[in-house]
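The first residue of the sequence shown is numbered 1, and numbering continues consecutively from there. Values below: every heavy atom of this structure, side chains too, minus hydrogens, waters and symmetry copies. Atoms within each ligand, like the ligands themselves, are counted from 1 in listed order.
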Amino acid sequence: MKSIIILGSTGSIGTNTLDIVRRFPDEFRVVGLTAGSNIDKLETQIRQFTPQAVAVSTESSAALLRERCADLSVEIMAGDEGITQVASALDAELVISAIVGAAGLVPTLSAIRSGKHIALANKEPMVMAGKLMQDEARKHGVKIFPVDSEHSAIFQSLEGHRIEDVRRLILTASGGALWTLSQEQLLTVTPERALQHPNWKMGAKITIDSATLMNKGLEVVEARWLFNILASNIDVLVHRESIIHSLVEYKDRSMIAQLGLPDMRTPISYAMRYPARMALDLPSLDLTEIGQLTFSKPDHDRFPCLNLGYESLRVGGTMPAIMNAANEIAVEAFLNHGLRFIEIAHVIRSTMDAHTPQDITCLDDTLEADRWAREKAGSLVHALPH
Ligand SMILES: NC(=O)c1ccc[n+]([C@@H]2O[C@H](COP(=O)([O-])OP(=O)(O)OC[C@H]3O[C@@H](n4cnc5c(N)ncnc54)[C@H](OP(=O)(O)O)[C@@H]3O)[C@@H](O)[C@H]2O)c1
């Protein structure tokens, strides 16, 4: 039986992971869970999966949860320190890293440093500090298994092949909720409209990232570090149906792809039981029913965020962390009706332009860049006319 810790257990990836655990109770034992503030959901999860320890973002949420779980023998911790403690101190084989955003960096890195393998959904830490995370993983003999459907597809398409035979990685993109809208229509898009993703049911932040194509920009950076491949060998292909999850082209021009209906339980389960595949009771992909698959090039005029991902890699050092932090601030402001959809890219671009890139030699360099970019992006949002 594999013991696991889930960081971000109350989110979309977290609940899908627990659905797999529920279906295979003899395969996994949940020893730790963490959440932000959703203690209702976390309490239900604690009662069902009986972890040894859990953590939530604030002391007040932890105090409330302790009261509610007084009849249980679960240790309840609080704050960033508590979450990091759950990620690193408990005895477990695998940590499912599924917090959203930069908040996952320190706990995920601590889990790596404590020698636990990682199933990585939380892409932002890999964007902020990909080299550092990979160096630490190597040092501690830790494997990082991708959960993102595109990176899982590439991981699967690379199996049994030599990395030196790869010509390019091709990440597919659904195009998100706003792909068919004109530049004029994008001017007045509301958060509610941008949250209507055609294929995937995900957390709010990644759904907006999909609509701006920043998600694909982040994924290009994630792929660069996960597969140790240069950005010039990573392409993006718009594929609205989200059936081909990504492809690898080899030197002989042969392409290998992974296909399936869009359901995150497939890549999550692969990361959890690699190299075994779990017998998931899900609908099969019926290609005759699908009929045809479509492909097109990304539109960089309407969706400039994808190029920012490439640019951040070209500049290197702290720039991907700057881009990531500015995006988090801009997306949050958009969700709170504090800026327009098209201004998300403007805030990220202006924050990147104002930054003098530095090398990243340690975690503190990344955290300092993240802090600087949040402040800068926040002031840019504030200065926008409303
Ligand atoms: N959803 C998908 O299908 C999908 C696919 C590929 C990759 N990913 C990546 O996986 C990650 C999670 O995405 P998601 O869609 O599952 O997000 P989500 O539904 O918003 O869930 C986020 C989780 O993180 C917790 N959290 C939020 N802020 C936190 C903080 N400051 N400190 C500690 N915990 C915090 C949340 O707790 P509360 O519930 O208490 O707020 C929740 O458990 C993201 O990086 C995303 O890009 C997601």
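Taking the six-membered ring where tryptophan is involved, the planes of Trp179 and Phe303 are essentially parallel, since the angle between them stays under 30° and well short of 60°.
A heavy-atom separation below 4.0 Å is not found between Lys205 and ligand 1.
Ranking protein heavy atoms by distance to atom 5 (C) of ligand 1, first place goes to Met264 CE, 3.6 Å. Closest protein heavy atom to atom 32 (N) of ligand 1: Ser57 OG, 3.3 Å. Residue, atom and distance of the protein heavy atom nearest to atom 13 (O) of ligand 1 are Ile13 CG1, 4.3 Å. The nearest protein atom to atom 9 (C) of ligand 1, hydrogens excluded, is given as Ala121 O, 3.1 Å; this is a heavy-atom distance. From the protein, the heavy atom lying nearest to atom 15 (O) of ligand 1 is Gly203 N, 2.8 Å. In terms of protein heavy-atom proximity, atom 29 (C) of ligand 1 is closest to Ile99 CG2, 4.2 Å. Given atom 12 (C) of ligand 1, the protein heavy atom at minimum distance is Ala98 O, 3.4 Å. Distance from atom 38 (P) of ligand 1 to its nearest protein heavy atom, with residue and atom name: Thr10 OG1, 3.3 Å.
Ligand 1 has no N or O atom lying under 3.5 Å from any N or O atom of Asp148, backbone or side chain. Residue Ala103 has no nitrogen or oxygen atom sitting less than 3.5 Å from a nitrogen or oxygen atom of ligand 1, judged on distance alone. The N/O atoms of Lys201, backbone and side chain alike, include none that comes under 3.5 Å of an N/O atom in ligand 1. Considering both main-chain and side-chain atoms, Ile83 never comes within under 3.5 Å of ligand 1 through any nitrogen or oxygen pair. Residue Gly14 places no N or O, backbone or side chain, under 3.5 Å from any N or O of ligand 1. Of the polar atoms of Asn38, at least one N or O is found under 3.5 Å from an N or O of ligand 1, judged by distance alone. Considering backbone and side-chain atoms alike, Trp200 places every N or O at 3.5 Å or more from each N or O of ligand 1. The distance criterion of under 3.5 Å between nitrogen or oxygen atoms is not met by Ala204 with respect to ligand 1.
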> Can Ile144 and Met126 be said to form a side-chain contact (heavy atoms from CB on, under 4.5 Å), step by step?
Replying inline: CA-CA 11 Å; Ile144 301 179; Met126 196 51 97; 4.0 Å; yes
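In Lys41, neither the side chain nor the backbone holds a heavy atom less than 4.0 Å from any atom of ligand 1. Here Lys123 has heavy atoms under 4.0 Å from ligand 1 in both its backbone and its side chain.
Salt bridge status for Lys123 with Glu150: absent, with no side-chain N to carboxylate O gap under 4.0 Å. Comment: Asp281 does not engage Arg23 in a salt bridge, judged by the lack of any side-chain N to carboxylate O separation of less than 4.0 angstrom. At a threshold of 4.0 Å, the pair Asp359-Lys131 does not count as salt-bridged, since none of the basic side-chain nitrogens sits closer than that to a carboxylate oxygen. Salt bridge status for Lys376 with Asp353: absent, with no side-chain N to carboxylate O gap under 4.0 Å.
Summarising the contacts of atom 40 (O) of ligand 1 with Ser37, Ala55, Ala35, the nearest heavy atom is found in Ser37. With Asp209, Ile206, Val127 as candidates, the residue nearest to atom 46 (C) of ligand 1 on a non-hydrogen basis is Ile206. When Gly36, Ser61, Ser12, Ser9 are checked for heavy-atom proximity to atom 1 (N) of ligand 1, Ser12 turns out nearest.
Summarising the local packing, CD of Glu81 is surrounded by 12 or fewer heavy atoms from other residues, nucleotides or ligands at distances under 6.0 Å. More than 12 non-hydrogen atoms from other residues, nucleotides or ligands lie less than 6.0 angstrom from NE2 of His161. Heavy-atom neighbours of Asp299 CG from other residues, nucleotides or ligands within 6.0 Å: above the threshold of 12.
Between His151 and Glu219, the shortest heavy-atom distance links the atoms NE2-O, 2.9 Å. Between Lys116 and Leu90, the shortest heavy-atom contact is CE-O, 2.8 Å.
Counting only heavy atoms from C-beta outward, the side chains of Asn215 and Ile206 approach each other to under 4.5 Å.
Applying the salt bridge (Lys or Arg N to Asp or Glu O under 4.0 Å) test to pairs two or more places apart or on separate chains, those with a residue in residues 220-242 are Arg168-Asp235.
When each atom of ligand 1 is checked for a heavy atom of Met202 under 4.0 Å away, the hits are 1 (N), 2 (C), 3 (O), 15 (O). Numbered from 1 in the order shown, with element, the atoms of ligand 1 that lie under 4.0 Å from a heavy atom of Gly11 read 16 (O), 18 (P), 19 (O), 21 (O), 42 (C), 43 (O).
Checking Gln156 against Ser152 by side-chain atom types alone, a donor-acceptor pair falls below 3.5 Å.
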